[in-house]
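To start, the structure under review is shown below, and the notes come after it.
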Amino acid sequence: MALFETQVGIVGAGPAGLMLSHLLHLKGIDSIVLEARSRSYCEERVRAGVLEHTSVQMLHDSGVGERLDREGLRHEGIHLGLNGILHRIPFVELTSKCVTVYGQQEVVRDLIARRLEDGGDLRFECGEVSLEQIATEKPLLYVKNEGQVDEIRCEFIAGCDGFHGVSRGAFPKGSQCTYERSYPFAWLGILAEAPPSQEELVYMHHQRGFALYSMRSPQITRLYLQCAPDEDIAQWSDDRIWSELQTRLVCANGWHPTEGRVLQKGVTGMRSFVVEPLQFGRLFLAGDAAHIVPPTGAKGMNLAFADVHYLAEALGDHYRNGDRRRLESYSETCLRRIWKAQRVSC
Ligand code: RFL
């Protein structure tokens with residue numbers, strides 16, 4: 001058995017785990033990140049794409065916003081479409097803030113590159129992770145890989161391993177309350193090699209079901225169709241998808257989406273999920289490990305960043321001057337924002 005020690009053991013190298021490790025490093029706190037998948041898998045996983053003002057600020061302020069500045073698409077509003085007529089919601093005019101379209105995989109790529117440049121300890125394809133003694137001052141992470149077991153002695157553990165991770169399951173039985181709702185529809189999404197023909201997102205209401213027009217870059221569009229939760233993607237040829245998108249998205253002024261080669265397609269279920277509290281002993285959950293919002297409001301990655309911002313600040317207080325107040329109120333602080341995001345996404 002190999003032994004390691006760190007201040008914060010982090011499970012998961014998604015946006016939450018990577019950003020936490022980066023923010024802690026800036027505060028002089030060391031961490032080890034354990035990731036089940038390969039680096040290339042993490043860097044290529046296409047998911048979120050809309051960064052809120054606060055997430056953009058966090059990337060900037062922590063010094064990983066350079067490529068985001070160059071390549072991110074600043075959106076000052078969105079369109080809500082009804083009966084083929086678009087109604088623009090001018091974010092900047094209403095809130096003086098805007099959103100930036102920049103793929104989650106790009107954020108992950110930037111954070112991995114920066115952590116490695118800074119000498120960070122990121123362990124990809126790490127094997128089977130388990131959490132032990134989380135109620136004590138010395139929680140442990142075990143990593144089993146091809147007959148070898150590593151023991152990592154931590155002072156805190158951050159469970160940033162997404163909805164299907166192991167961290168949430170390490171809470172003792174009865175110590176958490178789960179709230180869950182599954183919606184009776186899903187989104188069939190495609191990624192297409194087609195330059196955007198609309199500058200901002202279009203959320204379209206249609207009698208055949210909702211459709212969303214969005215983009216990831218000046219070359220790539222991301223489009224969604226409301227479908228049944230058990231929709232069989234095999235029944236959807238590229239031609240059928242484009243035809244349905246054209247029907248639902250066409251506008252009275254003649255605008256319709258530009259077509260292109262379909263690079264990826266899949267069906268995403270719609271679910272709201274929250275656990276309370278987010279902390280037990282020295283284990284703290286962040287991001288999708290603690291909550292899932294349906295992708296309607298583009299809130300998931302932004303919530304994950306908000307969680308780790310609070311967690312990094314709280315750990316900073318603890319290590320700087322022994323002040324544990326923000327650690328103790330971590331769950332309550334995050335849940336206020338999480339429930340608001342659930343409401344808006346629902
Ligand atoms: P992640 O990204 O799921 O990362 C968790 C990481 O943990 C690893 N892992 C483990 N590692 C070690 N041991 C284990 N036992 C492990 N189990 C899992 C996983 O391999 C993974 O690398 O969670 P995180 O970091 O909390 O980030 C959350 C976001 O990924 C998620 O909320 C967003 O993608 C949600 N989302 C959107 N969010 C936005 O803010 N804006 C959007 O526009 C947006 N669009 C979307 C979305 C999610 C979607 N899907 C596919 C659910 C669109 C879609 C279609």
Side-chain angles (χ1 to χ4, degrees), residues 9-22 32-56 75 78 99-105 107-108 111-112 122-131 141-145 152 157-170 186-191 201 203 212 214-216 222-225 264-273 278 285-308 311 334 338 341-342 344-345:
I10 299 176
V11 190
L18 291 166
M19 180 55 103
L20 178 63
S21 173
H22 174 56
I32 294 178
V33 180
L34 302 173
E35 166 59 47
R37 302 291 198 144
S38 67
R39 176 177 176 183
S40 61
Y41 181 91
C42 295
E43 290 183 337
E44 280 156 28
R45 187 168 38 199
V46 176
R47 293 176 106 191
V50 179
L51 292 172
E52 289 172 354
H53 166 81
T54 44
S55 302
V56 168
H75 284 198
I78 54 163
V99 297
T100 301
V101 171
Y102 188 65
Q104 177 169 329
Q105 73 280 11
V107 172
V108 164
L111 285 166
I112 290 177
L122 306 184
R123 303 183 186 186
F124 293 98
E125 298 175 88
C126 68
E128 195 186 315
V129 175
S130 55
L131 296 81
L141 284 168
Y142 287 103
V143 187
K144 252 194 239 163
N145 206 348
I152 304 171
I157 295 177
C160 302
D161 47 352
F163 182 72
H164 300 287
V166 290
S167 301
R168 198 172 60 248
W187 279 7
L188 190 160
I190 63 165
L191 199 65
L201 274 63
Y203 287 79
L212 170 59
S214 71
M215 58 295 288
R216 287 293 181 265
R222 181 94 162 128
L223 301 101
Y224 295 98
L225 288 168
Q264 269 184 29
K265 55 182 164 184
V267 172
T268 303
M270 294 280 144
R271 179 175 48 207
S272 292
F273 173 88
L278 274 56
L285 299 180
D288 279 15
H291 43 77
I292 296 286
V293 283
T296 42
K299 290 276 175 193
M301 179 165 60
N302 295 292
L303 273 182
F305 276 177
D307 290 352
V308 298
L311 186 52
C334 291
I338 292 164
Q342 284 295 2
V344 86
S345 303

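One-based numbering, in listed order, for ligands and for the atoms of each.
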Counting distance only, does the side-chain N/O of [X] pair as donor-acceptor with the main-chain N or O of [Y] below 3.5 Å?
X      : Y      : value
Asn302 : Val50  : yes
Arg168 : Phe163 : yes
Asp161 : Ser167 : yes
Gln104 : Ala48  : yes
Asn145 : Cys126 : yes
Glu52  : Thr54  : no
Ser345 : Ala341 : yes

Quick one: which ligand 1 atoms are inside 4.0 Å of a heavy atom on [X]?
X      : answer
Cys160 : 5 (C), 6 (C), 7 (O)
Leu34  : 11 (N), 12 (C)
Val166 : 15 (N)
Arg37  : 20 (O)
Val129 : 13 (N)
Gly162 : 3 (O), 5 (C), 23 (O)
Gly300 : 32 (O), 35 (C), 38 (N), 39 (C), 40 (O)
Val11  : 12 (C), 13 (N)

Could you check if a side-chain atom of [X] sits within less than 4.5 angstrom of a side-chain atom of [Y], using non-hydrogen atoms only?
X      : Y      : result
Leu51  : Val107 : yes
Ile152 : Arg123 : yes
Val99  : His53  : no
Trp187 : Met270 : yes

Any N or O of [X] that comes nearer than 3.5 Å to an N or O of ligand 1?
X      : value
Arg47  : yes
Gly287 : no
Arg216 : no
Pro15  : yes
Asp288 : yes
Ala286 : no
Arg222 : no
Cys126 : no
Met301 : yes

Legend entry - NZ or CZ of Arg271 within 45° of Phe273 ring axis and under 6.0 Å: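 Output no; distance or angle outside limits.
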Inset, instruction - Test the Arg216-Tyr102 pair against the cation-pi criterion, namely NZ or CZ under 6.0 angstrom from the six-membered ring centroid and within 45° of the ring axis. - result: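 No; the conditions do not both hold, so Arg216 does not lie above the ring face of Tyr102.
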Specify side chain, backbone, both or neither for [X], according to which of its non-hydrogen atoms lie closer than 4.0 Å to ligand 1.
X      : result
Ala289 : neither
Asn302 : both
Tyr224 : side chain
Thr268 : side chain
Glu52  : neither

Which residue and heavy atom of the protein sit nearest [atom], plus the separation:
atom                    : answer
atom 12 (C) of ligand 1 : Ala36 N, 3.3 Å
atom 4 (O) of ligand 1  : Gly14 CA, 3.5 Å
atom 34 (O) of ligand 1 : Gln104 OE1, 2.7 Å
atom 42 (C) of ligand 1 : Ala48 CB, 3.3 Å
atom 8 (C) of ligand 1  : Glu35 OE1, 3.2 Å
atom 25 (O) of ligand 1 : Ala16 N, 2.9 Å

Inset, instruction - Verify whether one side chain among Arg222 and Tyr224 offers a donor that lies under 3.5 Å from an acceptor in the other. - result: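 Side-chain D/A pair, Arg222 to Tyr224: present.
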Inset, instruction - Decide whether Ser272 and Gln342 meet the rule of one side-chain donor and one side-chain acceptor closer than 3.5 Å. - result: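 Yes, Gln342 and Ser272 have a side-chain donor paired with an acceptor closer than 3.5 Å.
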Any atom of ligand 1 sitting under 4.0 Å from a heavy atom of [X]?
X      : answer
Phe163 : no
Glu128 : no
Gly49  : yes

Legend entry - Closest to atom 16 (C) of ligand 1 among Asp161, Leu212, Leu131 (heavy-atom distance):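 Among Asp161, Leu212, Leu131, the closest heavy atom to atom 16 (C) of ligand 1 belongs to Asp161.
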Legend entry - Closest heavy-atom pair and its distance - Leu18, Ala13: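 Shortest heavy-atom contact: CD1-O, 3.3 Å.
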Inset, instruction - Heavy atoms only: give me the nearest Ala158-Leu20 pair and the separation to one decimal. - result: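 Result for this residue pair: CB-CD2, 3.4 Å.
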Inset, instruction - Name all pairs fulfilling the side-chain hydrogen bond (donor to acceptor under 3.5 Å, both in side chains) condition that reach into residues 289-298, sequence neighbours left out, sorted by first residue then second. - result: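 Sorted pair list: His291-Asp307.
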